[in-house]
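The chains referred to below are lettered A, B, ... by the order of the sequence lines, with proteins before strands, and numbering in each begins at 1. Computation of the quantities below employed the complete heavy-atom set of this structure, encompassing side-chain atoms and omitting hydrogens, waters and symmetry-equivalent molecules.
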Amino acid sequence: MRIPCPYCGDRDVQEFAYRGDAGPLRPSEDTGFYDYVYLRENPAGPIREHWYHARGCRTWLVVLRDTRTHEIFSAVLASEFVR
Amino acid sequence: MTRYSIFGLARKALGGHKAWQTTWRDASPRSGYDVIIIGGGGHGLATAYYLAKNHGIANVAVLEKGWIGGGNVGRNTTIVRSNYTHAGNEPFYEWSMKLWEGLEQDLNYNAMVSQRGVLNLFHSDDQRDFYARKGNAMRLHGVASELLDQDGVRRIYPFLSFDNARFPIMGGLLQRRGGTARHDAVAWGYARGASDRGVDIIQNCEVQGFLRDQAGAVIGVETSRGSIRAGKIGMAVAGNSSRVAAMADLRLPIESHVLQAFVSEGLKPVLPGVMVYGGGHFYVSQSDKGGLVFGGNIDGYNSYASRGNLPVVEDVCESAMAVLPMMGRSRILRGWGGIMDMSMDGSPIIDATPVKGLYLNAGWCYGGFKATPASGWCFAHLLAEGRAHEVATAYRLDRFRTGHLIDETGAGAQPNLH
């Protein structure tokens, strides 16, 4: 897999660290933390995920990827990602 | 059912092997059952077998969307062991180990269980301390373990790279009772035993939804072969647990990840047992056909693809060359991927769900094969008795909410790191 980093261009997946599903939102209250930390949609199909370009520009990305084919559709800076 | 024996084999050999009967019955769905097991893999078939054998519940259907044994029970590295550290895990896996030891006599089926020993190497002082602690934890649960020094490892595996500059082999933790089993035969053996006791094994029957009553309880399933009603429904669909649970409006503490495994061309006997490298993540044994069966880490990102990517292949082969340089002379014959139910603490779930009538057997991570007998035993107990078996009390679904995690690696809720 190659991830199209907005800064660095297409880079090998080994340069990135995986954080996981970008869907869960950190709750502001104590309630909801169980859902946030432990429960996942775990879709078979497109999923938005956090990847960190650890051996590159060191930015966090939101990558849209298909879990059935590993095809990557897009990558945007997490700081600029609009839900 | 005809009992298998050496005499029967000889008799049929003399008759040109024409008299063999079908091992198990390929059934068509009936309108209803006492219990439906979703998933005709090792765990589902074992559950059906023990429901019939231990609890006298034989009005059972096992629903499989493809063919039985076509999922992870046919895709693993066939290792069986019970070398766990945590009190929630060790009694369960040891019960599984005991069931492996008597499995072939119980099933009257040759599962080729071979207790050739599982050796985990250590390469540093702190790794030795970790394995000493693990060995002690095993002993506290009555499970034999031996901490070998370098000479002890040399006696069994004289050909390893002992003087590797970065990861010299200092010794290893050995469980002599661990080993391997013939994975396909485990599925077929349980299928035969269950089928013989009246269980319907129904293939090409994909569950597409749950039938619910007005109170929300599940009372059956919609399948590609029509709707089937049931008193209780058990899910044993590791790899796809989230997808099946979603049909019952459940979200699970599980992510699906791909784990690759590989086999070399057939070689004469070179490896006496199961050897696990401690410098990276690499484990290898030799099948009775002669192939070196080996694997490493999961690829590290969510996947339902049943195939992995090349960085992990490279990583596994680097580890292989670091500890077992002679492997470089053999060629890889095949590689494949299986989809793992990675739970949030690396340990499984055998429990009732919040949906009445629906029971969950899931979250086996990359270690489900060794658990097959005890998983079936305990899931059958849960389905029949309505409460957890004594060696599976820790495998609760709500432990993530209550904080009673069983985290062997201590990686937290980050399944790609378990």
Please state whether the side chain, the backbone, both or neither of [X] comes within less than 4.5 Å of a heavy atom of chain A.
| X | answer |
| --- | --- |
| L250(B) | neither |
| R243(B) | side chain |
| I254(B) | both |

A quick test of your reading: do over 12 heavy atoms of other residues, nucleotides or ligands sit less than 6.0 Å from [atom1] of [X]?
| X | atom1 | value |
| --- | --- | --- |
| R212(B) | CZ | yes |
| R225(B) | CZ | yes |
| Y7(A) | OH | no |
| D30(A) | CG | no |

[X] side, atom [atom1]; [Y] side, atom [atom2] - distance, nearest 0.5 Å:
| X | Y | atom1 | atom2 | value |
| --- | --- | --- | --- | --- |
| H70(A) | S303(B) | NE2 | OG | 2.5 Å |
| D299(B) | Y18(A) | CG | OH | 11.5 Å |
| E41(A) | R251(B) | CD | CZ | 4.5 Å |

Proximal component of I47(A), with respect to chain B [non-hydrogen, under 4.5 Å]:
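Contact with chain B involves the side chain of I47(A) alone.
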
With a 4.5 angstrom heavy-atom cut-off, is it the side chain or the backbone of R65(A) that approaches chain B, or both, or neither?
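Looking at R65(A), just its side chain touches chain B.
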
Close approach to chain A in [range], criterion heavy atom under 4.5 Å:
| range | result |
| --- | --- |
| residues 334-351 of chain B | M344(B) |
| residues 406-418 of chain B | A413(B), Q414(B), N416(B) |
| residues 304-320 of chain B | Y304(B), A305(B), R307(B), N309(B), P311(B), E314(B) |

Trace of the side chain to side chain donor-acceptor pair (under 3.5 Å) decision for T67(A) with N302(B):
CA-CA 6 Å; T67(A) 59; N302(B) 287 32; over 6 Å; no

Side chain proximity check, R401(B) to Y38(A), heavy atoms < 4.5 angstrom:
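Heavy-atom side-chain distance check fails, nothing below 4.5 Å.
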
Name all residues meeting the ring pair (Phe, Tyr, Trp, His ring centres under 6.0 Å) criterion together with H86(B); count only those two or more places apart in sequence or in a different chain, and write none if there are none.
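Counting only residues at least two positions away or on another chain, H86(B) forms no ring pair (Phe, Tyr, Trp, His ring centres under 6.0 Å).
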
Spell out, as yes or no, whether a donor-acceptor pair under 3.5 Å connects the side chain of N42(A) to the backbone of S256(B).
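Yes, N42(A) side chain to S256(B) backbone: donor-acceptor pair under 3.5 Å.
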
